[in-house]
Every structure is written in structure tokens, then in C-alpha cells.
Amino acid sequence: MRLLTGVQASGDLHIGNYFGSIKAMVDAQNRDDVLIFIANYHAMTTVQDGDRLRSLTRQTAIDFLSLGIDPDRSTLWVQSDVKDVLELYWILSSYTPMGLLERAHSYKDKSAKGISASHSLFSYPVLMAADILLFNSDIIPVGKDQIQHVEIARDIAIKFNNAHGDILRIPEFRVDSSVATVPGIDGAKMSKSYGNTINIFDEPKKRLKSIKKIVTEVVPLEEPKEFEGCNVYNIARLFLDKEELRDLQARYKTGLEGHGHFKLYLADVIESYFAPFVEKREYYLSHLDEVDAILHNGAKKAKEISAKTMQKVKEVVGI
Ligand code: ADP
Ligand code: TRP
């Protein structure tokens, strides 16, 4: 089974990103053929500062490698290193009805808010279809917001195949419903855009500051506390096994400790969970040549797949 995903380089990763998507990709490497690319062409719809895009792109690659994407088992590359995607994007544009794009949320939501959309935002789903169809992907693991984009890719592929025969593999999306939404420090969905995140690679001191801001009930120290519904507990449970969870529940019930103690405990738990990743990241940050070589090699492997698709596609469209 081939899984493919594109990641937008968007800065600091938080534990919602990790438990909501990255960990599933890392685990999938044991079973599936995993392809991951840094979607830097896509990022251009929002980032228009060259230095910033370059640094975010590399940063994202380093973060994914540090969090367990294994370049010996998976293929990791930067989108713009495999130019076939742009050619397929253009070819697919001729098989994409305007109405399909006019209905896409990415464009519709922005225009509804009165924000003037660029052509790249409008045609973004076609580029995403090219990303997916170029590599004969079977499964596209996505968050709910991306389902429509995969459906558009399917529609385009079906139209293309109706015209030319069975050339493009029709992909399926997969939404992992077992992954609960990770709450942020205010209890709402953890998200960069809400400013309620706990970041994976923050310095421990900075992370502790975020953890101390977790909103909790006000209960006198000596009274028992509810762990159910507690934001500290709900974040901690992601990291703990059954026995550790039971111990933590007992600490809530005894009423000898306050939420401040549980926050310090959470900070320790998070720090030790991510310690090996932090160490790996430090390694990559001081071995940037190695990172570039991994990405170069990933692009080479990706091109071997894309070249085969392009050969078939160009043959039938006549270029
Ligand atoms: P953000 O909301 O911080 O901008 P993104 O939209 O870039 O995060 O999400 C990247 C990936 O992380 C997506 O697959 C998304 O489903 C997942 N993700 C983000 N926040 C959470 C969360 N709080 N809980 C679970 N998954 C999340
Ligand atoms: N649009 C996706 C996002 O914003 C990123 C992306 C680009 C992608 N191309 C893709 C995801 C192909 C899956 C498959 O998160």
C-alpha cells in the first residue's frame, strides 16, 4: 500500500500535529510504502518571503526526520525538486471543470471573507491532485479539512481516465477517527492559529511557560480533584501507559497535590518523551549536508516513480 502526504512548512510543530498526524506516518513506515514531501509550492500561496520559505522548508524536513521519518524506509523530498508535478498540474488543468474549483473550500472561504484570492489559491487543488496522482498513491491520510481536496483529485483522475483509459490510479483518503483532537492549553483544539499550543521543540523553559498557562479548575490544594475533563490530564494521557495513568488518577483523587504539581509532572513527561527527538534534531541541525543529501536522494527516488507516470500521461495527451 502506498501512502502519500504533503506537509506545509508552517513553523513550529506542536503536540497536536504529532499525535494527530506525524506519529501515524511514522508508525505506517512499518507496514506501508510511505512518501512524504514538503509542499513548498503550496506554501507559496501564503509565504512570499524567499528566505523564510527556504528556511521553513529545511526546518520542516529536519523536524520530520527528527520525529522518526526514516529515510531508509520512506521517501522524503521537497516538492519543487520534482518538476514533473508542475507539468502534470498543467495537463490536469484541462481536465478540471471551473465549477469544481469554485466549490473548493480553500478558495470559497477566503473569497467569502472578502479576501482577494490569488490564482494559485484557486488552482491549488489541481496542484494537489498532481501531487497525489503523479505517484500512484493508494491512500492519502488527511485531516478533515483536506478531504475535499482528495475528492477533487479523484474527480480529476476519473475524468482523465474516462478520456484516455486506465492511466491514473484513483486514490482514497483516510481520516484516522481513532485520533482524538488534541486539546490546547485553553481546552479548545490545539492549533497554531489559536496560539494555544505546546510546541515539541521549544526550549524546556519556554515549554514549561506554556504548560503553566494550561487552564484548570480552581480547587483548594487539600481537596480531591477531577481528572476527567482536566486539560492537564487530557494532554498527559497522550504520553502515559495504563499504569502511569492510574497513578496520575490516584494523585488527583488524594487531594495532596494541586494542578501546579500536575503541570510540573506533565512538563517532565513531555520532556522525556521528546528527548530522543530533540537529540536527533540537534544532530541534523549540525549536519545540514546530511539533510540535503537525504532530500536529494528522496527526490531521486520520487522522480523514478513520477517519470513512469509522466511517460504514460504524455503519450496519451500527445506531448
Ligand atoms: P494548525 O491547526 O496548528 O495550523 P495544521 O492545520 O498545520 O495545524 O495541521 C497539520 C496536521 O496536524 C493535520 O494533519 C492536522 O489534522 C493535525 N492536527 C493539528 N492540530 C491538531 C490537534 N489539535 N489534534 C489533532 N490533530 C491535529
Ligand atoms: N494541502 C495540504 C495541507 O494544507 C498539503 C498537501 C499538498 C497535501 N499536497 C498534498 C496533502 C498531497 C496530501 C497529499 O495540509
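The chain is numbered in sequence order, starting from 1. As the structure lists them, so they are numbered: ligands from 1, and atoms in each ligand from 1.
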Distances for all N or O pairs of ligand 2 and the protein under 3.5 Å?
| from | atom 1 | to | atom 2 | distance (Å) |
| --- | --- | --- | --- | --- |
| ligand 2 | 1 (N) | Tyr124 | OH | 2.6 |
| ligand 2 | 1 (N) | Gln146 | OE1 | 3.0 |
| ligand 2 | 4 (O) | Gln8 | NE2 | 3.3 |
| ligand 2 | 4 (O) | Tyr124 | OH | 3.1 |
| ligand 2 | 4 (O) | Gln146 | NE2 | 3.3 |
| ligand 2 | 9 (N) | Asp131 | OD2 | 2.8 |

(request) Give a yes or no on whether a salt bridge exists between Arg2 and Asp33, defined as a side-chain N under 4.0 angstrom from a carboxylate O. (result) yes

(message) Which option wins on minimum heavy-atom distance to atom 9 (O) of ligand 1: Thr181, Asp145, Asn17?
(response) Asn17

(message) Between Asn40 and Arg54, do the side chains contain a donor N or O and an acceptor N or O under 3.5 Å apart?
(response) no

(request) Distance to 0.1 Å, residue and atom name: give those for the protein heavy atom nearest to atom 27 (C) of ligand 1. (result) Gly16 O, 3.2 Å

(message) Heavy-atom contact check, 4.0 Å cutoff: does His14 meet ligand 1?
(response) yes

(request) Would you verify that at least one protein heavy atom lies under 4.0 Å from atom 6 (O) of ligand 1, or report that none does? (result) no

(request) Please determine which of Asp70, Leu76, Thr60, Leu295 meets the side-chain contact (heavy atoms from CB on, under 4.5 Å) test together with Leu65. (result) Leu76

(request) For side-chain contact (heavy atoms from CB on, under 4.5 Å), just list the numbers for Tyr252 and Tyr233, CA-CA rounded to whole Å, side-chain angles, deciding distance to a tenth of an Å, and then say yes or no. (result) CA-CA 9 Å; Tyr252 269 77; Tyr233 178 85; 3.6 Å; yes

(message) Protein heavy atoms near atom 15 (C) of ligand 1, is at least one of them under 4.0 angstrom away?
(response) no

(request) Show the numbers, then the answer: is there a side-chain hydrogen bond (donor to acceptor under 3.5 Å, both in side chains) between His296 and Asp81? (result) CA-CA 8 Å; His296 180 77; Asp81 285 343; over 6 Å; no

(request) Do me a favour and list the nearest non-hydrogen protein atom to atom 24 (N) of ligand 1 with residue, atom name and distance? (result) Val182 N, 2.8 Å

(request) Determine whether Leu248 and Leu240 make a side-chain contact, defined as any pair of heavy atoms from C-beta on separated by less than 4.5 Å. (result) yes

(request) Please work out which of the three classes, parallel, tilted or perpendicular, describes the rings of Phe160 and His164, given edges at 30° and 60°. (result) tilted

(request) Dump the intermediate steps for side-chain hydrogen bond (donor to acceptor under 3.5 Å, both in side chains) on Tyr107 and Ser123, then the final yes or no. (result) CA-CA 9 Å; Tyr107 166 73; Ser123 61; over 6 Å; no

(message) Could you identify the single nearest non-hydrogen protein atom to atom 4 (O) of ligand 1 and state the distance to 0.1 Å?
(response) Lys192 NZ, 3.1 Å

(message) Tell me which pairs pass ring-ring contact (aromatic ring centres under 6.0 Å, His included) where either residue lies in residues 185-226, with sequence neighbours left out.
(response) none

(request) Please identify which atoms of ligand 1 are closer than 4.0 Å to at least one heavy atom of Met190. (result) 20 (N), 21 (C), 22 (C), 23 (N)

(message) Taking 4.0 angstrom as the limit and counting only heavy atoms of Ser191, give me the atoms of ligand 1 inside it, by number and element.
(response) 1 (P), 2 (O), 3 (O)

(message) At less than 4.0 angstrom from any non-hydrogen atom of Ser21, what atoms of ligand 1 do you find?
(response) 11 (C), 12 (O), 14 (O)

(request) Using the six-membered ring wherever Trp is involved, compare the ring planes of His149 and Tyr124 and label them parallel, tilted or perpendicular (cut-offs 30° and 60°). (result) tilted

(request) With Arg154 as the cation and Phe173 as the aromatic partner, state whether NZ or CZ is under 6.0 Å from the six-membered ring centre and within 45° of the axis. (result) no

